[in-house]
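Everything numeric here is computed off the predicted structure, so don't read it as measured data. In what follows, residues are counted from 1 in the order of the sequence shown. Basis for what follows: all heavy atoms, side chains included, without hydrogens, waters or symmetry-related copies.
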Amino acid sequence: TLVESLQQEYGAERRNAIRDLGRFGRRAADAVPALIDALADENRWVQEEAVRSLGKIGPAAADAIPALIAIQAEEVRVLAQQALEEIRGF
């Protein structure tokens with residue numbers, strides 16, 4: 001499954017799986033816990049894609065709000081702000 005693909009060794013494979021999950025939008029709500037875990041991935045591209053996918057899931061990703069607020073990396077924080085707006089429905 002796509003969620004299992006998040007455990008792949010290579011960052012590009014994890015990133016691609018996360019991107020594919022985001023394409024499902026709110027139908028990927030069951031993947032929110034795995035996407036929250038991906039926010040702490042060592043690969044910034046994986047982190048960024050996880051943020052985007054959480055935003056695409058929208059309000060169903062509300063459990064990710066604390067993790068998105070806690071993001072420190074400037075490059076990812078800008079995306080996290082956009083995702084927060086999508087999750088909160090702004």
| field | Nearest-0.5 Å distance that lies between atom CD in Gln82 and atom CG in Leu68 | value | 11.5 Å

| note | Closest heavy-atom pair, Gly58 versus Ile87, reported as atoms and distance to 0.1 Å, is O-CG1, 3.5 Å

| request: Tell me, with the steps shown, if Asp30 and Val3 meet side chain to side chain contact (heavy atoms under 4.5 Å, CB included). | output: CA-CA 9 Å; Asp30 290 345; Val3 173; over 6 Å; no

| note | Nearest heavy-atom contact between Ser53 and Leu35 is CB-CD1, 4.2 Å

| Can you tell me how far CD of Glu49 sits from CG of Leu6, rounded to the nearest 0.5 angstrom? | 11.5 Å

| task | Could you list the residues that satisfy side chain to side chain donor-acceptor pair (under 3.5 Å) with Asp37, not counting sequence neighbours? | result | none

| message | Checking Asn16 now: which residues fulfil side chain to side chain donor-acceptor pair (under 3.5 Å) with it, not counting sequence neighbours? | response | Arg19

| message | Using 0.5 Å steps for rounding, measure from the CZ atom of Arg52 to the CG atom of Leu79. | response | 5.0 Å

| said: So, using side chain to side chain contact (heavy atoms under 4.5 Å, CB included) as the criterion, who are the partners of Glu74 when residues are at least two apart? | reply: Arg77, Val78

| Atom CD1 in Ile57, atom CZ in Arg26: separation rounded to 0.5 Å? | 12.0 Å

| query | Closest heavy-atom contact between Val46 and Ala38? | reply | CG1-O, 4.1 Å

| What are the two closest heavy atoms between Pro66 and Ala62, and how far apart are they? | CD-O, 4.2 Å

| said: Using the side chain to side chain donor-acceptor pair (under 3.5 Å) criterion, which residues pair with Arg15? Sequence neighbours excluded. | reply: none

| request: Working to the nearest 0.5 Å, report the span between CG of Leu39 and CD of Glu48. | output: 11.5 Å

| query | Ile36 and Ala67: which non-hydrogen atoms are nearest, and at how many Å? | reply | CG2-CB, 4.0 Å

| query | What residues form a side chain to side chain contact (heavy atoms under 4.5 Å, CB included) with Glu13, not counting sequence neighbours? | reply | Gln8, Tyr10

| field | Listed partners of Ile69 passing side chain to side chain contact (heavy atoms under 4.5 Å, CB included), at least two apart | value | Ile65, Leu84, Arg88

| task | Drop me the distance from Asp20's CG to Leu2's CG, to the nearest 0.5 angstrom. | result | 5.5 Å

